[in-house]
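These notes are about the structure you will find just below.
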There are 2 protein chains.
Amino acid sequence: MNHEPAPDAPDLSATAAPRRRRAATIRDVAQAAGVSTATVSKFLNGGQRFTREVEERVAQAVRDLGYSSNPMARGMITGRTGNVGIVVLDVRNPHFTSLIRGASRPAAEAGLNLLFADIAEGLAPELPTLQALSRRVDGLIVSARLSDEALAWLGTSDMPVVYYGGPPAQQDCSSVGIDNRAAAAMLGRHLRELGHRRLRYVGFSGARWSQERWLGLQQAFEGSGAELHRHDVAEASADEGERIASEVLLGADAPDAVVAYNDLIALGLLGQTQALGLSVPRDVSITGFDNIVYGRYTSPALTTVDSGSEQTGERAMRRLIARIGGDPAARSGHELIASRVIVRGSTLGRPAVSRGEGRTR
Amino acid sequence: MNHEPAPDAPDLSATAAPRRRRAATIRDVAQAAGVSTATVSKFLNGGQRFTREVEERVAQAVRDLGYSSNPMARGMITGRTGNVGIVVLDVRNPHFTSLIRGASRPAAEAGLNLLFADIAEGLAPELPTLQALSRRVDGLIVSARLSDEALAWLGTSDMPVVYYGGPPAQQDCSSVGIDNRAAAAMLGRHLRELGHRRLRYVGFSGARWSQERWLGLQQAFEGSGAELHRHDVAEASADEGERIASEVLLGADAPDAVVAYNDLIALGLLGQTQALGLSVPRDVSITGFDNIVYGRYTSPALTTVDSGSEQTGERAMRRLIARIGGDPAARSGHELIASRVIVRGSTLGRPAVSRGEGRTR
DNA sequence: TTGTACGCGTTATCAT
DNA sequence: ATGATAACGCGTACAA
C-alpha cells in the first residue's frame with residue numbers, strides 16, 4: 001500500500017532541486033498505529049474520543065514519527081491557510097514595527113502565522129503584492145492609505161480585511177485607528193496654550209490623513225489670530241525632514257513652532273534645526289506624531305502624540321480573527337484607539353510678546 | 001465532468017464560517033477555453049508553446065475568470081510553498097528591521113513571500129515556532145543565536161537554513177554576518193587612539209557573540225595598560241541601558257569610555273548618563289554597535305559600528321534562494337559582511353594626563 | 001467505534 | 001500539439 005522508493009532508485013543528484021526527505025503522513029501514522037487514517041484525523045483534530053487503547057497507540061505513533069499535518073493538504077480541504085497577512089508601508093518606521101509587534105501576540109495565540117509585506121517606495125507594487133498575498137492568507141491587515149486601486153480591489157474581493165490608521169474613504173468595512181483630526185487638535189491646543197502664534201505644519205502628501213491632521217491643527221487655533229502655514233514632503237522620513245528644514249525655518253516669517261506629520265520627519269527637522277544654529281525649544285518648538293521610542297533619546301526629547309501603534313496592531317488582529325471566525329459583528333465598524341499628547345522638551349511656552357525668553361510657566 | 005454545485009444548494013448561512021466565493025480553478029479555465037487542464041497548466045507555467053489560436057483562447061479565459069493558481073494545490077504537487085521564513089529576535093530593534101528590509105527585495109524578486117516570526121521574550125517559544133514555520137516555508141533565515149535546542153533541531157531537519165549574525169557554534173551550515181571580534185577590535189583601536197584608558201563594556205548575556213565583542217575590545221587594548229571592566233544586561237534594550245547606567249558610571253573607578261553591546265543599550269546609556277549630570281563625550285565617551293539610524297539623532301550623535309544590517313539580510317536571502325534552488329555551493333560557508341566604525345560626537349579624545357579637557361586632535 | 005472512498009486544485013507522466 | 005489521468009496529503013460523509 002505504501003509506495004516505498006525502490007532501493008536502487010536512479011541517481012537524482014543531477015536534478016535541480018535536492019530531494020527532501022519525505023515527512024511522515026497521516027497514513028504512516030495510521031499504519032504504525034494499526035488504525036485507519038480517519039481515526040487518526042478525528043483523534044488529532046476532530047476532538048472525537050476513542051478507546052483508551054487506540055488513542056494510546058495513535059499518540060505513540062505520532063510521537064515516534066514526529067508527525068505533524070501538512071498545512072497545504074489540510075488547507076485544500078478546510079479552505080484555510082492558517083496565515084494572516086500584514087502589509088506595512090515601511091518596516092523601518094518604528095510606528096509600523098510596533099504595530100506588527102501588537103499584532104503578533106494574538107496571532108500566535110490563535111495559531112496563525114504572519115505573512116508580512118513591505119510596500120515602501122520601490123520595494124513592491126501594491127496591487128500585485130496584495131493579490132499574491134491574498135491567495136495565501138485567511139485575512140489581511142492593511143493600511144487604510146493604500147492606493148485607490150488597491151482599496152477598490154480589496155472591496156470587491158471577499159477576503160476578510162481590517163484596515164489600520166483610519167477608515168478608508170467611504171467603504172463599509174472594518175478598521176482600527178485614531179481620530180487623526182481630534183488628535184492633531186489636542187496637540188494644537190497644547191501649542192496654543194504655550195503661546196505659539198506662528199505655526200508650520202510639515203505634512204506628508206502621500207498620507208490620506210495628513211490632511212486631517214492639518215485640519216485638526218487649524219481647528220485648535222481658530223480665532224487665536226495665529227498664522228498657520230503648511231509644507232509638504234514626499235516621503236515620511238527623517239531625511240525629508242532634514243531636507244525641508246531650512247525652507248521651513250529660514251523663510252521671511254520664521255515660525256515659533258513646527259508640527260511634523262510624524263516623528264521621523266520631526267527627528268530630521270529637529271537635528272537640522274540645531275545644525276542651522278537654532279535652539280529647540282527656545283527659538284522654535286518642534287513636535288512629531290506617533291510617539292516612536294526614539295523620540296525619547298533626542299535632546300531635547302520630542303513632544304509628540306501617542307497614536308497607540310501597538311494597541312492598534314493588537315486590536316486589528318483581534319478583529320481580523322473574529323472576522324475570519326465568521327463573527328458578523330466584526331464585519332464592519334471603526335474602532336477608535338485613544339491618543340494622547342506626550343509633552344517633552346521640544347516644546348516650550350512663549351512669553352506673550354517677546355520671543356525666546358525661556359519658560360513662561 | 002465538472003461537478004457544478006447544485007443551483008439549489010442547502011442554505012449554509014448558519015454554519016460558523018462565512019462561505020467564501022469559490023475562486024476560479026484551472027478546470028474552469030480549461031472548460032472556458034475548450035482545452036484540457038494540462039494545456040492550461042503548461043501554457044501558464046511550463047513555458048510550453050501552443051498554437052496561436054489555443055494560446056489566445058486560454059489567455060482570454062484566464063483574464064475573464066480572473067484566474068490565478070491555488071498555491072496550496074500547486075504546493076502539494078511541487079513540494080514548494082512559495083514562502084520563506086524569517087525569524088527575528090525583536091522586531092522593534094532597527095537592526096532587525098533593516099535586516100528584514102534587506103531580505104525583502106530579493107525575496108520579492110524571486111516571487112517568494114515572507115513568513116515572519118518575532119521570538120522576543122515571551123512572545124513565542126522558539127522551538128515550536130520554528131517547527132510550525134518549517135512546514136509552511138521552503139527555507140528559513142534565522143539568527144545564529146537561537147537556543148541550543150532550536151539549533152539542534154534545525155540541524156537534524158533538512159530544511160534549507162541560512163543563519164545571520166555569525167556562524168552558529170560548530171555546525172556545518174550556511175551563514176552571513178560580520179566578524180564580531182574584529183569589528184569590536186576596530187572600535188577598540190579607535191578608542192585607544194583617542195587616549196581612553198578606563199573602559200567599560202556593557203555586554204548582553206543573551207547573545208552568543210557578546211563575548212566575541214568583548215574579546216575584540218580586550219585585544220585592541222592589549223599592552224596599553226588600560227583597565228577594562230565588563231557589565232552585563234539581561235535584555236538588549238534602551239531600558240536596560242538606562243537601568244545599568246549608574247552602576248557603570250558612578251562606581252569607584254569611573255570610566256572614560258563605555259562600549260555597549262548594541263545601539264539600543266547605548267541609547268539608554270547615553271540618555272541616562274546625561275541625566276546623571278555627566279557630559280558626553282567630555283566626561284565619558286559612549287559607543288554602540290549596529291549603526292541604527294536613530295544614533296544620528298541623539299546629541300551628541302552616537303559613535304558606532306556599522307554591521308551592515310540591510311546587506312546581511314540581502315545576502316542571507318540570496319544565499320537561501322540559491323540553497324532552495326539546490327545550488328550545492330550555498331549549502332555551507334560563512335559569508336563575511338564588511339563592518340566599519342562610524343565616528344560621531346559621542347566619542348572624544350582624552351588628553352594624555354588630565355581629563356575632560358576637550359578634543360586632542 | 002472504526003474504516004472506505006472521494007474530492008480539494010494542481011502538476012507530471014504518458015498516450016495520442 | 002494536445003489530452004487523459006494518476007498522484008500529492010488531508011478531512012469527512014457515509015458505510016459497516
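These values consider heavy atoms only, across backbone and side chains, with no hydrogens, waters or symmetry-generated copies. Everything numeric here is computed off the predicted structure, so don't read it as measured data. Labels below follow one simple rule: chain letters A, B, ... track the order of the sequence lines, proteins then strands, and each chain is numbered from 1.
- B/D28 places its CG atom 11 Å from the P atom of C/dC8, with the value rounded to the nearest Å.
- The nucleotide whose nearest atom lies closest to any side-chain atom of B/R27 is, among D/dG9, C/dC8, C/dT11, C/dC8.
- Between A/F50 and A/F43, the angle of the ring planes goes over 60°, which puts this pair in the perpendicular group of the 30/60° scheme.
- Going from atom CE of B/M72 over to atom C1' of C/dT11 covers 16 Å, rounded to whole Å.
- Across the protein-nucleic acid pair, A/R74 atom CZ and D/dC8 atom C1' stand 17 Å apart, rounded to whole Å.
- For B/R101 and A/D90, the salt-bridge test passes: some basic side-chain N is under 4.0 Å from an acidic carboxylate O.
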Practice item. Evaluate the criterion side chain to side chain donor-acceptor pair (under 3.5 Å) for residue pair A/Q60 and A/R57; output intermediate values, then yes/no. Key: CA-CA 5 Å; A/Q60 185 62 42; A/R57 289 212 311 270; over 6 Å; no

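- In this structure, of C/dT10, D/dG9, C/dT11, it is D/dG9 that holds the atom nearest to the side chain of B/M76.
- Looking at heavy atoms from C-beta onward, A/D118 lies out of side-chain contact with A/F96 at the 4.5 angstrom threshold.
- Using a 4.0 Å cut-off between charged side-chain N and carboxylate O, B/E310 and A/R92 make a salt bridge.
- We find that CD of A/E53 is positioned 13 Å from C1' of C/dT1, with the value rounded to whole Å.
- Within the structure, every side-chain polar atom (N or O) of B/N70 is placed at least 4.0 Å from both OP1 and OP2 of C/dC8.
- Side-chain N/O atoms of A/S41 include one lying less than 4.0 angstrom from OP1 or OP2 on D/dG11.
- Remark: P of D/dA4 and CD of B/Q31 are 13 Å apart, rounded to the nearest angstrom.
- Taking atom CZ of A/F43 as the reference point, atom P of D/dT12 lies 16 Å away to the nearest angstrom.
- We find that B/D172 and B/R331 are not joined by a salt bridge, their nearest charged nitrogen and carboxylate oxygen being 4.0 Å or further apart.
- The separation between A/R135 atom CZ and C/dC8 atom P is 15 Å, rounded to whole Å.
- With contacts defined as side-chain heavy-atom distances shorter than 4.5 Å, the pair A/S174/A/Y163 does not qualify.
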Check nucleotides 1-3 of chain D against the protein and report each pair of N or O atoms closer than 3.5 Å, with its distance, or say if there are none.
residue: D/dT2; atom: OP1; partner: B/T51; partner atom: OG1; Å: 2.8
residue: D/dT2; atom: OP2; partner: B/T51; partner atom: N; Å: 3.0
residue: D/dG3; atom: OP2; partner: B/S36; partner atom: N; Å: 3.0
residue: D/dG3; atom: OP2; partner: B/T39; partner atom: OG1; Å: 2.7
residue: D/dG3; atom: O6; partner: B/K42; partner atom: NZ; Å: 2.7

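- The distance between atom CD1 of A/I77 and atom P of C/dA5, rounded to the nearest whole Å, is 17 Å.
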